[in-house]
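Note: hydrogens, waters and symmetry copies are ignored here, and every other heavy atom, side chains too, is used. All values derive from a computational prediction rather than experimental measurement.
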Amino acid sequence: MYIANQISSAGIADTAFHGFAEQIKQLIYTFHMLAFFALSGTLLYSQLKNGRFNSVTEVVKNKISRLVVPFVFVYLFWNTPIKIFSGYYKQSENIWKDILM
């Protein structure tokens with residue numbers, strides 16, 4: 001939600017703190033993904049270098065079991081029921097297509 005837009009459209013003057021926080025947010029957003037990728041790559045390289053994984057296949061299997069399986073489980077058995085009961089798919093013509101896509 002863009003609070004600054006909501007504030008200005010309501011005719012309320014923005015606060016100095018909010019302006020400062022907005023500048024800090026913009027600064028963080030300029031590099032946070034690059035930092036994440038660099039840190040992830042560095043940690044993966046150190047694990048490969050220290051012999052934790054012997055092959056790329058082992059890395060992929062490890063990541064699938066630790067990341068993809070829990071994601072699919074939570075998506076199907078937590079998010080989907082919440083969306084169904086909240087009426088998120090009420091306008092859907094094909095609910096299964098929308099759930100899976």
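The NZ atom of K25 sits 12.5 Å away from atom OG1 of T30, with the distance rounded to the nearest 0.5 Å. In this structure, N94 CG and M101 CE are separated by 9.5 Å, a value rounded to the nearest 0.5 Å. Note that CZ of F37 and OG1 of T42 are 13.0 Å apart. Values are rounded to the nearest 0.5 Å. In this structure, the separation between CG on L76 and CG on L100 is 7.5 Å, given to the nearest 0.5 Å. Atoms CG and CZ, on L43 and R52 in that order, are 11.0 Å from each other to the nearest 0.5 Å. With values rounded to the nearest 0.5 angstrom, L39 atom CG is found 12.5 Å from L34 atom CG.
A donor-acceptor contact shorter than 3.5 Å links the side chain of Y75 to the backbone of I99.
Between S65 and N62, the shortest heavy-atom contact is OG-O, 3.0 Å.
V56 and L48 are not part of a single hydrophobic cluster, where members link through side-chain heavy atoms under 4.5 Å apart. Hydrophobic clustering, with ILVMFWY side chains joined whenever heavy atoms are under 4.5 angstrom apart, keeps L44 apart from V60. V72 and I64 fall within the same hydrophobic cluster, where Ile, Leu, Val, Met, Phe, Trp and Tyr residues are linked whenever their side-chain heavy atoms come under 4.5 Å apart, directly or through other members. Residues F85 and I95 fall into different hydrophobic clusters, defined by Ile, Leu, Val, Met, Phe, Trp and Tyr side chains chained together at heavy-atom separations under 4.5 Å. I82 and V74 fall within the same hydrophobic cluster, where Ile, Leu, Val, Met, Phe, Trp and Tyr residues are linked whenever their side-chain heavy atoms come under 4.5 Å apart, directly or through other members.
Few gaps surround CZ on F31; more than 12 heavy atoms of other groups in view lie less than 6.0 Å from it. The local environment of OH in Y88 is sparse, with at most 12 non-hydrogen atoms from other residues, nucleotides or ligands closer than 6.0 Å. Annotation for Q26: atom CD counts as buried by contact number, over 12 foreign heavy atoms lying within 6.0 Å.
Contacts of I24 classified as side chain to side chain contact (heavy atoms under 4.5 Å, CB included), with partners at least two apart in sequence or in another chain: F20, I28.
Between F77 and F73, the angle of the ring planes lies from 30° to 60°, which puts this pair in the tilted group.
Under the 4.0 Å criterion applied to side-chain N and carboxylate O atoms, E58 and K61 are not assigned as salt-bridge partners.
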